[in-house]
Amino acid sequence: MKIVTFYFVILKEDLMVSTATKVGNFTFDNCLMNAAGVYCMTKEELAEVEASAAGSFVTKTGTLEARPGNPEPRYVNVPLGSINSMGLPNNGFEYYLDYVIELQNQPNTKNHFLSVVGLSPEETHTILKKVQKSDYEGLVELNLSCPNVPGKPQIAYDFETTTDILTEVFSYFTKPLGVKLPPYFDIVHFDQAAAVFNQFPLVFVNCVNSIGNGLYIEDESVVIKPKNGFGGIGGDYIKPTALANVHAFYQRLKPEIQIIGTGGVKSGRDAFEHILCGASMVQVGTALQKEGVTIFDRITKELKEIMAKKGYETLEDFRGKLHYIDR
Ligand code: RRO
């Protein structure tokens, strides 16, 4: 027993465990970051993530004009996760664009993700053309999966519209672009969605946004006001769905398109599972909202401990190497 313990200590000390990663040509000291919507509405919140152990941040999805969003209460933490119908409140994409450009010009800055979407395809193109013309050199995430704007379906559930938007986008947009996807629930839909995304020079897909239009009830009432209580579900509820989407796209997408894993991450073990399924970067949403930015220290430490125990030094040592049962 003593010998085994001694061996473990040596093994841990000898290993140089790193959670550094790359998305496209961008490097990150840590694979963990916030998920869009959490800790990213204002420059002050973004600065907190920037100063934390997170490897990057993504901004709140910005629209052409600032929006107040849906009436409150519109976000509620529940024991196994969260429900929200924020309704895309944001300060307008230029507020976030200005901030990422400001940081980009500072020494020792991290690389960032600017999240955007228009309320119509025309608005999306207006935004992306302005981003294209700007001095911003970082990554852009096009949110194709907001579940909460009344009357506006989640774009990425409509493969024809998605194809049309991306075809148009890539006629003028040459900066590094990825898409935020809703969860898919059918193998045929994984096949169809991957066939769409494989046609384009995307740098990444981010799986998954919240599971749209759940309903949480306390006593005899819904808990959020908009849409009579229907809202996007995050947290523990969605981890198996998120992992399935990460792995399904890891199996189907061309290797140039990397996967960002989002959904149900609140521990090092959860992050490990996302990477095992193929994620190059892992985002924390509901758990970050519940715990604050110190969560990045805790999850990083837990992930490194798991890696050390297994003898893994880098994410490449186990990324995508999920074991199947084939006996
Ligand atoms: O603002 C929201 O209601 C919202 C957005 Br844009 C999103 O992409 N996902 C989500 O759960 N909420």
Side-chain angles (χ1 to χ4, degrees), residues 33-42 45-46 57-78 80-93 95-96 113-121 123-124 127-128 140-158 161-162 165 178-184 204-216 222-239 241-242 245 260-265 283-290:
M33 62 181 289
N34 70 305
V38 182
Y39 263 91
C40 60
M41 189 78 82
T42 63
E45 287 180 341
L46 289 164
F57 68 62
V58 57
T59 66
K60 173 67 185 170
T61 301
T63 48
L64 191 55
E65 306 292 342
R67 290 168 52 84
N70 292 338
E72 293 179 345
R74 58 192 188 179
Y75 179 100
V76 172
N77 282 322
V78 299
L80 296 179
S82 65
I83 182 165
N84 89 84
S85 183
M86 301 295 288
L88 207 34
N90 74 93
N91 291 314
F93 84 98
Y95 171 94
Y96 305 103
F113 295 74
L114 175 74
S115 173
V116 296
V117 77
L119 295 181
S120 64
E123 251 189 54
T124 295
I127 294 167
L128 287 177
V140 178
E141 177 171 286
L142 177 60
N143 186 353
L144 297 179
S145 49
C146 175
N148 299 328
V149 181
K152 305 268 177 201
Q154 291 168 81
I155 300 167
Y157 283 149
D158 178 340
T161 303
T162 299
I165 291 174
V179 286
K180 179 76 173 274
L181 299 181
Y184 298 98
F204 67 89
V205 301
N206 185 341
C207 307
V208 295
N209 208 318
S210 53
I211 294 184
N213 296 300
L215 195 53
Y216 190 87
V222 301
V223 296
I224 55 172
K225 181 171 175 176
K227 294 169 68 179
N228 287 341
F230 285 70
I233 304 296
D236 296 359
Y237 294 112
I238 79 166
K239 192 178 75 169
T241 297
N245 276 260
I260 297 179
T262 307
V265 177
Q283 297 188 338
V284 188
T286 298
L288 170 60
Q289 209 288 329
K290 290 183 176 181

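Worth saying up front: this structure is predicted, and the values here are computed from it rather than measured. One-based numbering, in listed order, for ligands and for the atoms of each.
Surrounding CZ of Phe230 are at most 12 heavy atoms belonging to other residues, nucleotides or ligands under 6.0 Å away.
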Any protein N/O atoms within less than 3.5 Å of an N/O atom in ligand 1? List the atom names and distances, or say none.
unit_1	atom_1	unit_2	atom_2	d
ligand 1	1 (O)	Lys60	NZ	2.8
ligand 1	1 (O)	Leu88	N	2.8
ligand 1	3 (O)	Asn84	OD1	3.4
ligand 1	3 (O)	Met86	N	3.2
ligand 1	3 (O)	Gly87	N	2.8
ligand 1	3 (O)	Asn148	ND2	2.8
ligand 1	8 (O)	Asn143	ND2	2.9
ligand 1	8 (O)	Asn209	ND2	2.8
ligand 1	9 (N)	Asn209	OD1	2.7
ligand 1	11 (O)	Asn84	ND2	2.9
ligand 1	11 (O)	Ser210	OG	2.7
ligand 1	12 (N)	Asn84	OD1	3.0
ligand 1	12 (N)	Asn148	ND2	3.1

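Applying the side chain to side chain donor-acceptor pair (under 3.5 Å) test to pairs two or more places apart or on separate chains, those with a residue in residues 227-239 are Asn213-Lys227, Asp236-Lys266, Lys239-Asp270, Lys239-Glu273.
Between Phe113 and Phe204, the ring center distance clears the sub-6.0 Å criterion.
Among residues two or more places apart in sequence or in another chain, the side chain to side chain contact (heavy atoms under 4.5 Å, CB included) test is passed with Val222 by Leu215. Applying the side chain to side chain contact (heavy atoms under 4.5 Å, CB included) criterion to Ser82, with sequence neighbours excluded, gives Tyr75, Asn77, Thr286.
Side chains of Asn70 and Asn148: no donor on one and acceptor on the other come within 3.5 Å.
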